[in-house]
There are 2 protein chains.
Amino acid sequence: MSGTPTFKRLPRAVREQQMLDAAVKVFSRRGYHAASMDEIAEDAGISKPMVYAYLGTKEELFVACLHREGTRMMQAIAGAAAPDLPADERLWRGLRAFFGFVGAHRDGWAVLYRQARGEQPFAGELAGMRARLVDIVAGMLDHALRAEGRGAGETDLEVVAYALVGASESLADWLADHPEADPEKTATRMMNVAWLGAGQLLAGATWRPGR
Amino acid sequence: MSGTPTFKRLPRAVREQQMLDAAVKVFSRRGYHAASMDEIAEDAGISKPMVYAYLGTKEELFVACLHREGTRMMQAIAGAAAPDLPADERLWRGLRAFFGFVGAHRDGWAVLYRQARGEQPFAGELAGMRARLVDIVAGMLDHALRAEGRGAGETDLEVVAYALVGASESLADWLADHPEADPEKTATRMMNVAWLGAGQLLAGATWRPGR
DNA sequence: GCGTAACCTTACGGGCGAGTAGGTATGCTC
DNA sequence: GAGCATACCTACTCGCCCGTAAGGTTACGC
């Protein structure tokens, strides 16, 4: 009515981030398919054609979300776990960064791990990221073993790393659903399971399948 | 034309199972949304209205799949892990049953854990099942500890159980994608991580967060 | 052999939401 | 203050797919 120039014009880079914020939020709440481009646009305080103009089709938009959140997470972890630290310290800092990220970006986590996993077009992208994580963890374990003068079979290392990453994801999932939970404490618990368990195992101990 | 009585009329119970088989297969391949009722019907060798007549709407159909596969899995595990066995043997048999199931029902697993997790209407159902699993595992750990005259905090037990279940799911996921992998071997590896790691931890050992 | 119930089909309605056409306004440069 | 690029909008098309209406056919009881 009275002009209503309340909504300012903003440069592209800013709008793009707003759109991504909104997209992550809506994708996380509704799921990939149930999320409508209209709702995302509305939530971003913009109209639909702008979204198409800047970020492209719905699939491309989701990939963009995936990329941003995934990169953020990987950077948080890699930045914390400097390679020149002792292995246990690296693992500990990595875990703390990981759970810290999840605690602070629950929406992003939900998009990454609850949505992307189910939809074929994106599952590959996610699998790649997880593979990198597994490699990092396997590297830490390997490093720790060599420091003690031991070695382990490649496959075993990778499988153990896989299990550890899976356990972390599971706890992260739990964390994302419990706003009152403390990321730091969760990280500590995971660290205990990981370090003591994997250490024991790779040190040579074995549970015997035959009775 | 020439009669074509190739397709026989079948009693309801049989058709329902065929439909569920087809549904699980298609849901697993395409994902919940991308799966079309037409494709499911065609795959079941029947026409669409029959599916609606017998199993109801798409959502109800998916719930039916979830229920069948979930029940099968829980029965496989519960049946193997008899409560009167020693704790480590219970855990071992449970894990073997679990990975055996996943190896034999990769489609069902994909439906259960890759699809249901992402879609709000079904996430709750799945969470309930996982919670039951966590309780079972926590019970095993508790039992094992008491047998050694120890005890552990309730929360710690549950969190550790959660991590173990998560690790198992992760390995199961990996198994589902690797047809050549051996379920038995995977179970053995998981058993090693679980028993040695959790045992160590709950026995009182701790990794110290402060340096 | 005739009713009736269960099995099964073809063919359509209708909604929802992805993506677009075409036009308006705002700021920036000279 | 003319010209131009960029930010932004309203309002539409159109295809896909869930769900159903209405009718055909086989088996079985009596």
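Just the heavy atoms: all of them, side chains too, but no hydrogens, waters or symmetry mates, feed the values below. First the proteins, then the strands, lettered A, B, ... as listed; each starts at 1.
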May I ask you to verify if any side-chain N or O of A/Y54 is less than 4.0 angstrom from the OP1 or OP2 atom of D/dA7?
-> yes

Hey, is the side chain of B/R15 poking within less than 4.0 Å of OP1 or OP2 on C/dC8, counting only N and O atoms?
-> yes

Using the salt bridge (Lys or Arg N to Asp or Glu O under 4.0 Å) rule, collect all pairs that involve [range], keeping only residues at least two apart or in two chains.
range: residues 45-57 of chain B; answer: B/D38-B/K48
range: residues 65-86 of chain B; answer: B/D21-B/R68, B/E69-B/R72
range: residues 122-138 of chain A; answer: A/R130-A/E169

Only distances under 3.5 Å count here; give the side-chain donor-acceptor pairs of residues 73-81 of chain A to other protein atoms, sequence neighbours excluded, each with its distance to 0.1 Å.
none

Round to the nearest Å and state the distance from [X] atom [atom1] to [N] atom [atom2].
X: A/E42; N: D/dC8; atom1: CD; atom2: P; value: 17 Å
X: B/L61; N: D/dC17; atom1: CG; atom2: C1'; value: 15 Å
X: B/R12; N: D/dT26; atom1: CZ; atom2: C1'; value: 18 Å
X: A/L10; N: C/dG27; atom1: CG; atom2: C1'; value: 13 Å
X: B/E16; N: C/dC7; atom1: CD; atom2: P; value: 9 Å
X: A/I46; N: D/dT10; atom1: CD1; atom2: C1'; value: 14 Å

Residues forming a salt bridge (Lys or Arg N to Asp or Glu O under 4.0 Å) with [X], sequence neighbours excluded:
X: A/E42; result: none
X: B/R106; result: none
X: A/R12; result: A/E16

Contact string for nucleotides 18-25 of chain D, one letter per nucleotide 5' to 3', B = base within protein heavy-atom range under 4.0 Å, S = sugar-phosphate only, - = neither, reads BBBB---B

Mind checking side-chain hydrogen bond (donor to acceptor under 3.5 Å, both in side chains) for B/Q18 and listing every partner two or more places apart, or none if nothing turns up?
-> B/R15

Could you tell me, to 10°, how much the axis swings from one end of the helix from C/dG1-D/dC30 to C/dC30-D/dG1 to the other, five pairs per end?
-> 10°

State whether B/R114 and B/D173 are salt-bridged, where the test is any N-O pair (Lys NZ or Arg NE/NH1/NH2 against Asp/Glu carboxylate O) under 4.0 Å.
-> yes

Hey, mind stepping through B/H33 and B/E119 against side chain to side chain donor-acceptor pair (under 3.5 Å) and telling me if it holds?
-> CA-CA 10 Å; B/H33 289 277; B/E119 319 285 341; 3.0 Å; yes

Protein and nucleotides 2-4 of chain D: nitrogen or oxygen contacts under 3.5 angstrom:
none

So the ring-ring contact (aromatic ring centres under 6.0 Å, His included) pairs with at least one residue in residues 56-76 of chain B (sequence neighbours excluded) are B/F27-B/F62, B/Y32-B/F62, B/F62-B/F122

